[in-house]
Amino acid sequence: MARRPKGETRQEVKGRPDLTREEVLRFIAENPTRATKRDIAKAFGIKGDMRAALKDILNDLQAEGVLEGGRKSYSTPGVRPAIGVADVRGRDDDGGLIAEPVSWNEEEFGEKPRFRLRQPRNGAAAGVGDRVLAHLDYDEEGGPAARVIRVLDRKKVLALGVFRSRRGGGGRVEPVERKQPEFMVAADETKGARDGDLVEVEPHRAHKAGLPMAAVVEVLGALGTEKAISTIALHAHGIPHVFPKAVMDEAEEAGPADMDHREDWRDLPLVTIDPRDAKDHDDAVHAAPDPDPANPGGHVVTVAIADVSFYVRPGTKLDAEARLRGNSVYFPDRVVPMLPERISNDLCSLREGVDRPAIAVRIVFGSDGGKRSHRFHRIMMRSHAKLAYEDAQAAIDGSPGDIPADLVSNVLRPLWNAYAALSDARRRRQPLELDLPERKLKLRPDGKVDRVIVPERLDAHRLIEEMMIQANVAAAETLEGARQALIYRGHDSPSLARLESLREFLRTLEIPLAKSGALRPSHFNEILAQVRDTEHESLVNEVVLRSQSQAAYTPENIGHFGLNLMRYAHFTSPIRRYADLIVHRALVTALGLGQGGLSRQDEETLEATAEEISKAERRAMAAERDTVDRLIAHHLADHLGDSFDGRITGVTRAGLFVQLPTFGADGFVPMGSLGNDYYHYDETGHMIVGQRSQRGYRLGDAVEVRLVEAIPLAGSMRFEMLSEPRELPGSTASHHKARGRMKRPGGRSGPPRGRRRRG
């Protein structure tokens, strides 16, 4: 009997509440030669009075135009199906998706067609590897086309691994993820893979005995190449990383922007301040004292952002590719950009001394940093200097180096003066101030890790960050005031469940957290201030971070809790974020700034777009994290047996996650390796406590560990704990022995008495 896939809507067949319209449509599409009402009823176990309800479903589907057919059969022999189930196989040279029908009678209808796929007008878009239900048009100009009705199944679960050839043909595949099994590959299913190649395989149905079988779907290249590690992440997470020819052609055909609908701001000394190794520059800044006598001590801040909306128009191949990617992805060894380099590194990069189109916002602040007004402009600008953060900061600190004195006094000094006022306003606003240092991997020429650094946090970084925040706020306010649809950057307040968990944890440290009233970021900042420069500082920062909701893109304004702002949208990075491009288009439309505005389809699909780019953001974060883990595991694979200083960053029933601060990567200490005591997992206190000794380990503890295993392909490391357990005040272990998982002497895990529970 057919089962209802997750996410499908239930239907009104009495006695069969689990039957869906999708199941009926799928059966008819996959069985074109045996889809009578009797066949359908038999397939779903429908009997007696239930047949009348099934008839109603079929009649409704015919009335809606979704289903064709007659009384005897819903698929007429000799006529190609008008609706079918298809798998999205790949992309053509123009970047469009190509789909093939799942079931096809070649003897009756000839060679299986390949359809150009059209996305649904509303709802989530399909991607490579998905299975869709679609209207099929065989005679459309330009070749067969299929319009998606709905996505039935998301991308098949494929596995990545290293191919190991064997004598006689075929081979086996070593998985890159520890949770995946090893596979055997038959000689006729290797797709030419050679020993040591990184491959993507599609598992077959499991056999009763022996290793599971799989077929090679794609050969990704030799594992020894310097980009192999990030390539694993790209394919594991399904991140598009090769631009189709049609997209590249569109980018190459683009030319310089003209002055139509633009103000000439080329004489304004805007400057870019970026990382020293930045290849593209999408934001420039300027500040000056406000000449208005009604605003003494005030500042006029200008933020200019590359006008990507002029080059990437709705309905183009460039736009479809940018939406598909959602954002640029940053790996230690390379960047996978959202847009081709012709756009991101050339036409939309605000190069020093070169005319470039931009959308700018001019914001007037009072002497206290409070905003008084703002206005957007579409301009032509010319960057007067390209500065690195470190150089700009050094110039302000009295070591200008090669930076001209007039640039320091007339451009940089006014920027820092304006930032001082904005800093005062930020302190009054009190956004969430977590102290979580960012680590950066430095690679050798061969792509291996050289060292891990924590870049110094400078006022130059904070200046640019705060000015970008103010520009983002101005964009959201302008569009909201114009009643123009947009995508917000939303960050909801913590859920009640997370707050209660945080409250229980803080109670173990004798730190109160109010139960009544709306909590604001300032409440969390007060907690963080209490533990600053104490042994609990790292622990509390980590737990407070985990209590927060995840930021996302949304067409509804829910505010931004972390920044403590009522309205907020991403406007300042349209080169690398699709959300910002949507906001640029919305501004062009709302303010009548010329071509490149928001299309009607853009507006109709904002909800779906927000959902897709939020997923793309999470996908990118996971891929970046996995790549760092693999690089560090490769780096440390030659250091088995060495001891390291670490910090506990995760406490679970199975054991402890320990991060090596020097490298910024995690390893695992299994519960079964922690000595001869019964260890209880105290979820509230983020700790494990020995039943006999009442000593244990807690989230945030500084510990010493020995590396006993490193698996580079999986990016995993296993440690042995060298630090002795310590006394843990506030433990609830003695009151909740039955809730957790204990560790038996000899390495077995489970409750101290009775049956062993599964983890």
Side-chain angles (χ1 to χ4, degrees), residues 91 95 128 160 162 176-177 196-200 218-245 247-248 251-252 274-282 306 308 318 321-322 324-349 351 388-389 438-455 573-578 580 613 616-635 663-665 712-715:
R91 306 168 80 187
V128 176
L160 283 171
V162 180
V176 301
E177 295 188 26
D197 278 350
L198 185 65
V199 296
E200 193 171 37
E218 186 175 0
V219 179
L220 306 178
L223 187 64
T225 61
E226 80 177 62
K227 292 187 177 180
I229 299 299
S230 52
T231 298
I232 292 174
L234 291 174
H235 284 266
H237 294 278
I239 295 175
H241 59 287
V242 177
F243 286 107
K245 182 178 182 300
V247 174
M248 297 297 291
E252 291 301 321
D274 292 297
R276 195 179 301 281
D277 57 355
K279 292 183 178 180
D280 55 66
H281 310 274
D282 56 2
V308 179
L318 273 169
E321 183 71 15
L324 178 69
R325 296 184 177 220
N327 48 247
S328 297
V329 186
Y330 294 85
F331 296 114
D333 63 336
R334 61 168 152 169
V335 176
V336 179
M338 185 180 80
L339 297 168
E341 287 192 6
R342 169 64 173 162
I343 303 296
S344 60
N345 291 1
D346 185 3
L347 294 174
C348 288
S349 186
R351 295 179 174 178
Y389 286 116
E438 182 180 353
R439 289 171 176 82
K440 186 175 182 180
L441 297 186
K442 290 290 186 180
L443 304 183
R444 300 198 302 259
D446 62 359
K448 295 183 179 179
V449 176
D450 180 29
R451 64 189 188 280
V452 182
I453 63 171
V454 178
S573 293
I575 283 177
R576 62 184 181 91
R577 293 187 305 224
Y578 193 77
D580 303 54
I613 61 179
E617 180 183 51
R618 293 192 290 270
R619 176 183 70 187
M621 292 171 61
E624 291 165 2
R625 184 175 59 247
D626 289 352
T627 298
V628 169
D629 288 345
R630 289 189 173 100
L631 284 168
I632 295 300
H634 267 276
H635 179 60
F663 301 101
L713 283 177

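Heavy-atom basis, side chains included; hydrogens, waters and symmetry copies ignored. For reference, positions follow the sequence shown, starting with 1.
Contact detail for Phe663 and Val452: the closest heavy-atom pair is CA-CG2, 3.5 Å. When all heavy atoms of Ala633 and Pro712 are compared, the closest pair comes out as CB-CA, 3.8 Å. Between Ser349 and Lys279, the closest heavy-atom pair is OG-O, 4.0 Å. In terms of heavy-atom proximity, Ala620 sits nearest to Ile239 at CA-CD1, 4.4 Å. Shown here for Ile575 and Ala306, the closest heavy-atom pair between the two residues is CD1-CB, 4.4 Å. Residues Glu321 and Pro244 come closest through the heavy atom pair OE1-CD, 3.6 Å.
Within the model, atoms CZ of Phe243 and CE of Met338 stand 9.0 Å from one another, a figure rounded to the nearest 0.5 Å. In this structure, Thr627 OG1 and Phe331 CZ are separated by 4.0 Å, a value rounded to the nearest 0.5 Å. A distance of 8.0 Å separates CG of Asp280 from CG of Asp274, quoted to the nearest 0.5 Å. Atoms OG and NE2, on Ser344 and His281 in that order, are 11.0 Å from each other to the nearest 0.5 Å. Atom CG of Leu234 is separated from atom CZ of Arg334 by 5.0 Å, given to the nearest 0.5 angstrom. Going from atom CZ of Arg625 over to atom CZ of Arg630 covers 11.0 Å, rounded to the nearest 0.5 Å.
Taking 4.5 Å as the limit, some side-chain heavy atom of His235 sits within range of a side-chain heavy atom of His241. At least one side-chain heavy atom of Val176 sits less than 4.5 Å from a side-chain heavy atom of Leu198. Side-chain contact between Leu220 and Leu160 is present, with heavy atoms from C-beta onward closer than 4.5 Å. For the pair Val628/Pro332, a side-chain contact is recorded, criterion being any heavy-atom separation below 4.5 Å from C-beta on. No side-chain heavy atom of Asp346 sits less than 4.5 Å from a side-chain heavy atom of Glu341. A 4.5 Å side-chain heavy-atom check between Pro340 and Val247 finds at least one atom pair inside the cut-off.
Remark: the backbone N or O of Leu339 is not paired with any side-chain donor or acceptor of Arg325 at under 3.5 angstrom. Under a 3.5 Å cut-off, the side chain of Arg351 and the backbone N or O of Asn345 do form a donor-acceptor pair. Side chain of Asp626 to main chain of Ala233: no donor-acceptor pair is present (N/O by atom type, distance under 3.5 Å, no hydrogens or angles).
More than 12 heavy atoms of other residues, nucleotides or ligands sit less than 6.0 Å from atom CD of Glu624.
Remark: Asp450 engages no residue in a side chain to side chain donor-acceptor pair (under 3.5 Å) (not counting sequence neighbours).
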Checklist entry - His635 and Leu441: side chain to side chain contact (heavy atoms under 4.5 Å, CB included), yes or no, with the steps? => result CA-CA 11 Å; His635 179 60; Leu441 297 186; over 6 Å; no
Next on the checklist: Show, in sequence, the C-alpha distance, side-chain angles and deciding distance for Arg576 and Asn327, and conclude whether the side chain to side chain contact (heavy atoms under 4.5 Å, CB included) test is met.
Outcome noted: CA-CA 5 Å; Arg576 62 184 181 91; Asn327 48 247; 6.0 Å; no
Item to check | side chain to side chain contact (heavy atoms under 4.5 Å, CB included) between Leu443 and Val449, intermediate numbers included | outcome: CA-CA 5 Å; Leu443 304 183; Val449 176; 4.1 Å; yes
